[in-house]
Amino acid sequence: MATAMSVEMSNEDWLVMRARGCFKTDPYAAKAWMLTAQSLFPHSFNIQFEAYSLEKLGKNSKEAAKLLEGLYSSFPEDRRLWSEVHSILEALQNESGDAGNTFLTEVLAAIPAQVQCQMLLSVAERITDKLEQCRLLLLVLRKFPALVKEHGLKLVDSLLAAESFAKFQSPVNCYRKLLVCDVLPLVLQKGSGVKMKSSNLYLWLQKSVEFYISFITTPPSASEPATPLSPDLLSPTKTSRRAKIPGLQDREAVIPDPWASLYKLLYLIGHKQGWALEKDFYEKSREYQWQHILGVFNRAGQGGDTWSQQILYTTTVLFLECLYHYICSVDPDAFHTTSNANSVPLVIIEGFKSEQASSPTQPAVKRLKAESLLPQVHAIDTVPCSQRVIQNFLTAFKCYELLNSSSELQREFVVLCTNWRMETWSWMGHFQTDMFLYQGAFQDAVRHLQNYSIGSKTKLQIRHSLQLACCYYCLSNYSKACELILDVISALPSSPPEPSDTPSTGNQYTFGSGRHLVLAPCSELQMIPYCIQMLITCFKEKAFAGKSDALLGHMLVLLQFDWPVNEELFAQIVKKIQKQGSFTYTQFFNYMINVDMLEEFCLLKTMEGGNVNLDVLPISTSTIAQQRTVTRGVNKGVTEDFKVMMEKQVRRSEESVEDLVRQFLANERAMLLSSLV
């Protein structure tokens, strides 16, 4: 039987069998058998490959590398050789730290660099899978930067062609990611001396911007961990983001700092084009970045097309970055698949003028004519990183204005927007609304909000209603403004009673002369005072223009909410009532519980207060007079009723003012709106 097997087995196989048989018990004997086999059959691939395999088993990286180099030199076309080299390359790409992978990378490292390079390129040519081929070429270029000059542009073209052929719906795909994040930075940095057409550079930049903005704003899948949105996102710190990209491993789909990476590409391409762009431009303050762009814009006439392209792309990238960070602040759920119940949107709303705004004793602050046309933007104390949020908004606005400042820039910016399908970026709606408000284009803001708010989430619906109310208020449509404000108040949940020492927030919405906008959270704690103030302001506009006791009465009820913020306005109402000599408001005792205000009305009944005729009892004074059976002493009876009611009201002074005002607005909604018609 043994003799028959020996006859059937070739000499080569027999030598291999003997070497394998004694490898575990006597490695030196095994090596001797293989040396003999190699000497007898120097042109046998099987013998040479087996010798290599035994050195691998013995963990002899240098000997294995020498034999692998010999195999590559003598048998460059053998399929098993390329399969082995491919497994080594996979180990090289795998960062798991596995012992087997580590050994294979040691084998490759022991091969002379020139042979390594040729081997890797040869493997890449044989791979039919385009993505794997591009991955391997990228590995070659990273390992041998000198090859970038020869193969870099070819790899760029291969990735562009592969993406075009695949017809992806989204720019966030495997080919674009490798191109933008891995290949282009390498080619632009290491490809010195390589001629690159300006048209290609701008095409690469366009595709890079499109990829990064889509990558950053695409919500992660439900199974994919997302980077938490926090104030850290508003600062130029490294914040890692991840996306699920088919064809790429998880580690390949993580980008440590997308915005920094985009600015790096902007700088590298700008450097190739001779732009005056600093390497650390991304890390500078918003004011510095804007002044730099403005300086380039002012010098643009001297530099021709290169300068105009620098303005276009630098301004566009800065605009998108500021816009992204701003949207992250005003709508924390914008780039998440699921809404965070604790997140609160921010809203830009119109500020109010104080009663002292027109006082001649206050000197007017001198401002440039151009500046005076635009409002100042402030923030409520509770807005985190408020100045950074405002800076992002204002810088985005300035960039947008600059990009539309000339027909040439506007035309090229529109082309970019069209290429990127910017009309599909729904999150830009917040900025467009806020920009209209900032410019004072209230009619445009109304049209935009009416279209944009359809189907909005509840939290955003409150935001939209507030801004619509601001627009109607500024357009002097007080009835519509109040209707929207009443809707907002009914939608906001009641907050728990505040401690008596809690500071008032109402005065944070009131300013001196000129227009002012306020950035505030859409929370009941901050918005209820604002809504009440808007109602008061709308009522005041009509109440002081003519005689309307109903409007004066409504204002009195509302003034209790944030007392004594509007104490001066209360004094004006009292003076108007004294001048009239009478005041009728039968809801007075249903809703008036402020002790200071009640005392003032008691004074109005006296000779010292003007002996004002107050018809404020739940049943009108004239009705009471008709009901009394005696004709004498009628007024005395009314006075007694007034005193009794006042005493009851004082005892109610500890009631919750917020609950009382909410009840007033709900119960008297129809009366409130009709009084403004």
Side-chain angles (χ1 to χ4, degrees), residues 93 120-121 123-142 147-191 194-218 221 241-250 252-255 258 261-262 264-266 268-270 272-273 309 312-313 316-317 320 411-425:
Q93 290 176 307
L120 294 174
L121 289 174
V123 173
E125 291 174 1
R126 286 170 167 78
I127 295 177
T128 55
D129 185 281
K130 183 58 69 175
L131 182 60
E132 282 299 313
Q133 185 183 60
C134 291
R135 266 205 191 102
L136 180 54
L137 283 172
L138 175 60
L139 181 67
V140 174
L141 297 186
R142 282 175 171 166
L147 293 176
V148 170
K149 187 173 182 179
E150 181 182 354
H151 296 277
L153 293 183
K154 293 179 185 176
L155 180 54
V156 171
D157 292 339
S158 294
L159 287 166
L160 288 171
E163 182 186 18
S164 177
F165 181 78
K167 293 182 169 55
F168 287 104
Q169 294 297 314
S170 169
V172 182
N173 59 70
C174 53
Y175 297 113
R176 184 77 70 92
K177 192 274 173 184
L178 290 178
L179 172 71
V180 169
C181 302
D182 303 302
V183 176
L184 284 180
L186 187 64
V187 170
L188 292 167
Q189 282 182 297
K190 304 296 183 181
V194 179
K195 290 184 179 180
M196 302 178 191
K197 295 180 181 178
S198 293
S199 57
N200 287 340
L201 289 171
Y202 294 137
L203 174 66
W204 300 346
L205 187 53
Q206 288 176 30
K207 289 188 172 293
S208 299
V209 174
E210 183 184 30
F211 169 81
Y212 276 116
I213 196 68
S214 298
F215 177 84
I216 291 167
T217 59
T218 300
S221 62
R241 282 191 68 89
R242 177 197 304 265
K244 202 73 175 175
I245 305 177
L248 296 184
Q249 300 173 12
D250 286 347
E252 292 178 299
V254 177
I255 302 178
S261 301
L262 177 56
K264 180 181 178 182
L265 271 179
L266 181 69
L268 291 171
I269 289 175
K272 292 282 184 185
Q273 293 293 84
Q309 292 301 306
L312 173 67
Y313 286 102
T316 300
V317 171
L320 292 174
R411 183 173 61 253
E412 295 197 47
F413 180 58
V414 168
V415 170
L416 291 180
C417 295
T418 304
N419 291 341
W420 296 332
R421 296 172 61 214
M422 197 177 282
E423 72 278 1
T424 64
W425 300 355

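Here the structure is a predicted model, which is why all the values come from computation and not from measurement.
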Requested in this report: Evaluate the side chain to side chain contact (heavy atoms under 4.5 Å, CB included) criterion for residues K197 and L203: first the C-alpha distance (whole Å), next the side-chain angles of each, then the deciding distance (0.1 Å), finally the verdict.
Outcome: CA-CA 10 Å; K197 295 180 181 178; L203 174 66; over 6 Å; no
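- Using a 4.5 Å cut-off on side-chain heavy atoms (C-beta onward), L178 and L131 make contact.
- Between E210 and K207 there is no salt bridge, since no side-chain nitrogen of the basic residue lies less than 4.0 Å from a carboxylate oxygen of the acidic one.
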Carefully, step by step, assess V148 and V194 under the rule side chain to side chain contact (heavy atoms under 4.5 Å, CB included).
-> CA-CA 9 Å; V148 170; V194 179; 5.6 Å; no
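- The main-chain N or O of L179 is never found under 3.5 Å from a side-chain atom of W204 such that the two would form a donor-acceptor pair.
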Between L201 and L188, is the side chain to side chain contact (heavy atoms under 4.5 Å, CB included) condition met? List the steps.
CA-CA 10 Å; L201 289 171; L188 292 167; 3.9 Å; yes
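- Remark: L205 CG to K272 NZ distance equals 14.5 Å, nearest 0.5 Å.
- L141 approaches G152 most closely through the heavy-atom pair CD1-CA, 4.0 Å.
- Within the 4.5 Å cutoff, the side chain of L416 has heavy atoms near those of the L312 side chain.
- The two residues L265 and S208 make their nearest non-hydrogen contact at CD1-OG, 3.3 Å.
- Once rounded to the nearest 0.5 Å, the distance linking CG of L266 with OG1 of T316 reads 9.5 Å.
- Put simply, CG on L155 and CG on L186 are 8.5 Å apart, with the number rounded to the nearest 0.5 Å.
- Put simply, the side chain of R135 does not reach to within 4.5 Å of the side chain of I127, judged on heavy atoms.
- Between L320 and W420, some side-chain heavy-atom pair lies under the 4.5 Å cut-off.
- With rounding to the nearest 0.5 Å, the separation of SG in C417 from CH2 in W425 is 7.0 Å.
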For C181 and Y212: C-alpha separation, side-chain torsions, deciding distance, then whether side chain to side chain contact (heavy atoms under 4.5 Å, CB included) applies.
CA-CA 9 Å; C181 302; Y212 276 116; 3.5 Å; yes
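- Rounding to the nearest 0.5 Å places CG of L147 at 10.0 Å from CG of L137.
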Would you be so kind as to tabulate the donor-acceptor pairs closer than 3.5 Å made by side chains of residues 163-171, with sequence neighbours excluded?
unit_1: E163; atom_1: OE1; unit_2: R176; atom_2: NE; d: 3.0
unit_1: E163; atom_1: OE2; unit_2: N173; atom_2: ND2; d: 2.9
unit_1: E163; atom_1: OE2; unit_2: R176; atom_2: NE; d: 2.8
unit_1: E163; atom_1: OE2; unit_2: R176; atom_2: NH2; d: 3.1
unit_1: S170; atom_1: OG; unit_2: V172; atom_2: N; d: 3.0

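- Scanning all heavy atoms of the two residues, the minimum distance from E150 to K154 falls at O-CE, 3.6 Å.
- A distance of 12.0 Å separates CG of L136 from CZ of R126, quoted to the nearest 0.5 Å.
- Using a distance-only test at 3.5 Å, with no hydrogens or angles considered, a donor-acceptor pair links the side chain of K177 to the main chain of E252.
- Considering only residues two or more places apart in sequence or on other chains, R421 meets the salt bridge (charged side-chain N to carboxylate O under 4.0 Å, His left out) condition with none of them.
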